[in-house]
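Accompanying notes for the structure given below.
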Amino acid sequence: MTVELSLTRDPAHIRHGSNIGQPMTRTDGVLKVTGKARYAADNHPPGMVYAVIATSCIARGRVKSLDVAAAKRHPGVIDVMTPAHKPELAEDPDAKGNPFAFRMELLQSDEVRYANQAIAVVIAETLEAATEGAALLSPRYQVEIARVGLDAGEPYTPPVVGIGNPAEVRHGDIDAGIAAASKLTDSTYETPAQYHNAMEPHAIVAVWDGDRLFIDTPSQGMGFAQMRIAGLFGIPPANIHINSPFLGGGFGSKGLISGPQVLGIMAARLIGRPVKLVLRRSQMYGPVGHRPPTRQRIRIGTDDAGQLTAINHEARVTTSSFDDFYEPAADASHTLYASPAIRTAHEAVRVDTGTPLFMRAPGEATGSIVLESAIDEAAFACGIDPLEFRLKNYAEVEPTTGKPFSSKALRQCYAKAAERFGWAGRPLQPKQMRDENGFLVGWGMGTATFPAIMFQGNARAVIRADGKGVMETGAHDMGQGAWTALAQISADSLGLNFDQLTFRSGSSDLPDAGIAGGSGHTATVGAAIHNAGAAVIAKLAELATSDERSPLFGAGNAGVVARAGRLHRRDDDARSESYAEILARAGLAEVDATGSGAADATAQSQYAMHAHGAVFAEVKVDPELGQIRATRLVGAFAAGRIINPLLVESQLRGGMIWGLSFALHEEAVMDHRSGRILNANLAEYHVPVNADVPPMDVITVDEHDPHVNPLGIKGVGEIGITGSAGAVANAVFHATGIRVRNFPIKIEEIVMGLGS
Amino acid sequence: MMNFDYVRPASVADAIAVGSEKGASYLASGTNLLDLMKGGVSRPSRLVDLTRLPGLDRIEHLADGGLRIGALVRNADLAHDAGFARNYPAVAEALLSGASAQLRNAATVGGNLMQRTRCAYFYDAGSACNRRWPGAGCDALNGENRLHAVLGWSEGCIATHPSDFCVPLVALDAIVEIEGKSGRRELPLEALHRLPGETPERETALERGDLIVALRLPAEAQGFAKHARYIKVRERTSYAFAVVSAAASLRIEDGSIREARIALGGVAAKPWRAREAEQVLAGAAPDVAAYREAARAALAGAKPSGDNAFKIELAQRILVRALTLAAAGTPDRIPALPGSPFSSVAGA
């Protein structure tokens with residue numbers, strides 16, 4: 001990070017705020033609502049054919065036979081790709097080149113690792129022919145007993161959890177903290193397997209031209225995808241051209257290229273024609289990652305004053321039989337509450353599923369609903385209001401590291417959300433409130449948090465002879481509005497009005513923008529854009545201030561400021577010159593510069609960096625029938641600088657709805673004998689429908705963070721789900737007096753708990 | 001997808017002629033059948049598209065005061081027909097509590113009667129299912145079965161019938177008009193769907209080629225319009241099948257119940273008419289004690305088929321609720337959240 005160019009330290013030429021901070025609607029909104037936005041599967045290059053994956057219906061064993069001849073006899077079928085008939089790969093798909101290289105099934109053997117795994121690919125002239133060809137393969141299996149669920153095997157301690165976090169973290173003396181407690185809550189919770197279920201399934205259109213590969217595919221990380229594909233096919237990454245202008249949601253499942261997408265590339269290689277491969281909805285339950293089930297035991301000790309003495313948070317998670325991803329659920333207890341002793345620990349069990357992966361707030365979502373429920377239990381045990389309890393145990397520094405926070409406006413979040421919600425006067429005891437129709441009413445709250453993460457990203461800025469600008473970065477718009485927010489940063493970074501800017505993104509031919517994940521995309525790419533823009537403006541300033549024919553001559557490089565396509569003298573605003581005039585006199589067609597963004601290691605070592613929030617929920621519960629309905633949600637979030645309030649509120653709202661979904665609806669149901677998922681469709685894998693979503697208030701709390709990155713951005717992609725899930729669950733307890741510890745909360749627990 | 005013939009007959013007679021052939025399947029809007037075909041559960045070799053058949057999309061008021069609803073009338077059109085909702089409010093509420101607006105706009109009355117169970121094991125081609133493959137066994141038994149049947153099930157099948165629409169219909173003595181190879185016949189709706197017994201694969205009383213052409217509601221069914229409700233507990237507010245539902249219709253005269261019509265949904269392989277409960281209420285005062293006794297009678301023969309004992313308790317409570325709300329009077333308008341226990345919440 002170039003310190004002298006950073007906004008929050010000492011901006012030289014750039015003034016952010018003309019475009020940043022404005023509630024602009026999505027620049028791609030009209031394209032989307034008119035159906036003109038071209039998603040990956042909308043592409044049909046000449047000569048394109050269709051590939052359909054045949055999937056395993058067993059969870060463990062071997063494929064003994066496939067009736068390839070029957071499939072090939074079906075009219076329109078061109079070829080069937082099997083372990084015995086497929087293009088050579090340059091790299092073993094089971095090789096672990098780096099922690100982000102997850103093993104994938106590319107027909108390397110007849111082994112079946114999980115239900116819905118690819119066992120063959122049928123290529124045909126039409127989608128219908130390929131689909132029927134896949135059905136005609138009639139696989140025969142050698143079946144082994146599937147390992148299903150959290151008790152399927154001997155638990156072990158994973159080497160790391162999440163990305164390189166230790167499986168166990170100890171702060172203070174946990175035994176002493178537990179011993180010192182005058183009250184101890186000890187609860188065990190379970191969270192279910194969940195699947196990303198982006199509206200747009202994983203899809204790819206692959207075209208080979210010699211050793212060059214052109215693909216249309218939704219991606220949250222084109223650079224990573226290029227590297228992986230390059231390794232698998234033995235070609236240089238630069239030969240791989242990925243086009244990914246729009247994603248119909250990703251939520252982490254499109255962060256890394258998945259096995260099925262690579263199978264599409266292999267199919268195109270095999271038959272020498274462009275191939276399209278789109279996963280069916282049911283096929284998304286397996287090879288593209290999921291949130292694993294967890295069982296979490298959490299013990300919270302408090303003293304007579306309601307002060308925490310210990311948090312001991314232990315999580316058991318599942319991972320696949322063949323790879324290692326460990327949901328860092330217990331890590332949610334690291335940062336939120338001041339306790340002299342904190343221990344988090346993980347253990348894992350291998351099961352016959354696809355490998356779990358990053359799913360919106362990995363670790364934070366599963367851990368937060370348990371931590372926030374357990375904090376609610378502890379507050380209740382102490383007879384203290386849940387908000388007061390949280391304020392009493394407010395962490396002034398990050399508890400497990402002792403680092404100060406780079407910024408933390410959580411107190412204001414609590415206050416604003418509580419006031420908007422009308423929390424004051426809430427009865428401590430449950431089952432005290434009824435509405436005019438006799439429904440039980442409950443109020444619950446949860447604290448939201450998510451780390452402010454950055455990856456590595458790059459951008460290239462250009463000012464052209466006509467005075468207009470171009471910003472190029474291979475960023476990813478998953479539907480969250482990244483293109484709009486990044487264009488706003490671009491315009492300000494180039495000192496241009498929004499309509500003077502051309503923003504190019506969504507292609508791997510542009511500078512690598514890193515991965516759109518970890519809620520870090522805007523921060524990372526925003527910093528790269530800021531630096532690229534500042535570097536170009538510095539070049540223009542140099543041209544002008546060193547040329548005696550310019551009105552800016554002699555102002556000195558730092559003596560000018562960029563605004564609306566002109567440089568102005570800092571000490572005399574009336575003296576200015578347009579970019580076009582500067583370039584014309586210099587005889588230049590354009591000036592350009594690149595910039596990069598990444599976390600500042602020094603700042604990171606000195607400060608704990610997190611976004612925070614507070615969510616309050618009201619639910620109503622039918623006192624006899626047990627039906628639950630969320631009726632109000634209020635969330636206040638402090639996430640550093642807000643680039644576009646409209647888009648940010650939309651992100652937060654979506655996250656809060658996901659939290660509601662976590663508490664009340666979402667669950668993949670797996671047959672405990674076969675390991676097959678029984679509700680692999682959107683009719684029976686329940687997420688909230690519009691009628692389930694209550695009136696919501698989303699508040700953003702101003703937060704100026706001078707340390708986190710040049711623009712002061714913390715990210716909002718994932719925080720909304722944390723806090724919200726626990727708030728809803730706690731509201732159900734407050735309404736009913738029933739503490740449900742298996743999520744989602746099911747009607748039978750309420751019906752049987754309420755008594756007749 | 002497998003190749004199949006597609007025919008569009010011009011008359012009911014032509015439809016029956018081609019529909020009687022082996023491997024043929026009638027197609028109305030396909031909201032269920034096409035999903036089954038995509039999943040490989042149904043593999044008809046010929047689809048007989050009924051949607052252009054003339055005369056089947058009418059709602060007719062009969063001379064005897066009854067109502068005849070053509071099999072191709074769309075669910076949404078029927079529910080939003082003002083006269084229909086006024087005369088058969090519980091049926092309209094049940095219709096609007098089912099599926100989603102998009103599905104209701106497409107789905108037909110006849111198709112709804114013929115929809116298949118939502119048992120996941122029926123849909124999962126890798127599972128054993130006696131409905132799909134007689135004699136294969138039932139993987140739902142001892143499987144994930146918290147939502148399965150508590151009434152009328154057998155060791156061979158514990159699936160439930162998913163329809164909302166059929167629940168109040170069966171309570172109101174609806175009649176199904178059927179055309180077949182041997183001409184026209186009628187069947188009480190209650191006799192259309194079968195309990196599994198030893199032959200779960202025989203889901204209805206229809207023979208090959210039989211075509212439902214209309215549904216009839218008798219005139220006397222309107223006598224319950226002032227006290228009729230459909231209540232449905234489900235796992236989300238819309239686009240979810242019933243965990244358990246209840247239709248309750250009462251004729252109240254001089255402060256006592258002259259006649260009650262009661263049916264339950266989500267509890268059995270067919271919409272479950274609860275005649276024992278009706279008998280309990282005949283002549284009784286409309287109060288909670290009577291409703292509870294009726295509910296006990298309705299579920300007296302229930303037993304869990306798996307992790308679903310709660311449904312027996314829940315079904316009784318829903319029935320008490322439906323009766324309570326029905327006795328209080330049919331609302332002037334169908335609630336904004338049809339069938340929901342929260343239908344009374346203002347602003348919902």
Side-chain angles (χ1 to χ4, degrees), chain A residues 56-58 74-76 115 126-132 135-136 280 282 435-439 620-622 624-629 631 661 664-665 667 669-674 676-684 686-693 695 744 746-749 751-752 754 756, chain B residues 1-4 35 38-40 43 99-101 103 118-121 123-128 139-140 142-147 231-241 243-244 292 307-311 313-314 316-318 320-322 324 336-337 340-348:
Chain A
S56 164
C57 77
I58 67 163
H74 188 72
T126 64
L127 174 62
E128 291 77 8
T131 302
E132 182 61 10
L136 290 169
R280 295 177 58 156
S282 62
D435 74 358
E436 65 280 10
N437 295 299
F439 294 107
K620 294 188 176 178
V621 180
D622 187 298
E624 285 103 30
L625 305 183
Q627 184 107 51
I628 300 165
R629 184 167 174 76
T631 46
S661 186
L664 298 184
H665 299 291
E667 174 180 33
V669 178
M670 187 177 277
D671 183 88
H672 65 275
R673 301 155 301 181
S674 70
R676 274 195 300 280
I677 294 167
L678 297 171
N679 60 342
N681 61 71
L682 289 178
E684 271 115 345
H686 287 168
V687 297
V689 296
N690 281 326
D692 294 306
V693 177
K746 294 192 180 67
I747 192 161
E748 52 262 46
E749 305 237 30
V751 165
M752 300 319 273
L754 282 169
S756 49
Chain B
M1 173 167 230
M2 70 181 282
N3 290 333
F4 53 84
D35 276 352
K38 288 180 197 168
R43 292 177 73 85
S100 65
L103 285 165
R118 300 302 302 192
C119 174
Y121 295 93
Y123 283 77
D124 174 25
S127 292
D139 273 348
N142 304 316
E144 314 309 316
N145 50 23
R146 51 181 281 274
L147 300 178
I231 300 296
K232 171 182 180 181
V233 165
R234 55 199 130 169
E235 296 190 313
R236 62 181 168 190
T237 304
S238 177
Y239 194 36
F241 294 94
V243 175
V244 183
R292 287 201 178 127
D307 298 328
N308 56 1
F310 79 96
K311 287 181 72 169
E313 174 67 24
L314 182 57
Q316 294 180 58
R317 294 194 200 176
I318 288 179
V320 170
R321 174 67 58 81
T324 306
L337 298 176
S340 168
F342 292 99
S343 58
S344 58
V345 173

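Letters A, B, ... mirror the listed sequences (proteins, then strands); counts begin at 1. The structure displayed is predicted, hence computed values, not measured ones. Computed over heavy atoms, backbone and side chain alike; hydrogens, waters and symmetry mates excluded.
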Closest non-hydrogen atom pair between B/Leu314 and A/Val751, with its separation: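 Minimum heavy-atom separation between B/Leu314 and A/Val751: CD1-CG2, 3.7 Å.
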
Side chains of A/Asp622 and B/Arg321, heavy atoms from C-beta outward: is any pair under 4.5 Å?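 The answer is yes; the side chains approach within 4.5 Å.
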
In the structure I gave you, are the side-chain heavy atoms of B/Asn308 and B/Leu147 within less than 4.5 Å of one another anywhere?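 A side-chain contact under 4.5 Å is absent here.
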
Which bit of [X] comes within less than 4.5 Å of chain A, counting heavy atoms only: side chain, backbone, both or neither?
X: B/Arg118; answer: both
X: B/Asp35; answer: neither
X: B/Phe241; answer: side chain
X: B/Ser127; answer: both
X: B/Asn142; answer: both
X: B/Arg236; answer: both

Positive for side-chain hydrogen bond (donor to acceptor under 3.5 Å, both in side chains) with A/Lys620, one of A/Thr631, A/Asp435, A/Asn437: A/Asp435

Can you tell me if A/Asp671 and B/Tyr121 form a side-chain donor-acceptor pair at under 3.5 Å?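 Yes, because at least one side-chain N or O of A/Asp671 sits under 3.5 Å from a partner of the opposite role on B/Tyr121.
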
Mind running salt bridge (charged side-chain N to carboxylate O under 4.0 Å, His left out) on A/Arg676 and B/Glu144 for me, showing each step along the way? CA-CA 11 Å; A/Arg676 274 195 300 280; B/Glu144 314 309 316; over 6 Å; no

Do you know which of A/Ile58, A/Ile677, A/Ile747 has the most heavy-atom pairs with chain B at a distance under 4.5 angstrom? A/Ile747

One option among A/His665, A/Arg673, A/His672, A/Glu624 has the most heavy-atom pairs under 4.5 Å with chain B, and it is A/Arg673

Might you work through the salt bridge (charged side-chain N to carboxylate O under 4.0 Å, His left out) test for B/Glu235 and B/Arg146, ending with a clear yes or no? CA-CA 12 Å; B/Glu235 296 190 313; B/Arg146 51 181 281 274; 2.7 Å; yes

Heavy-atom cut-off 4.5 Å, strictly under: side chain, backbone, both or neither for A/Val621 against chain B? backbone

Residue selection (most heavy-atom pairs with chain A, distance under 4.5 Å) from B/Asp139, B/Asp307, B/Val243: B/Asp139

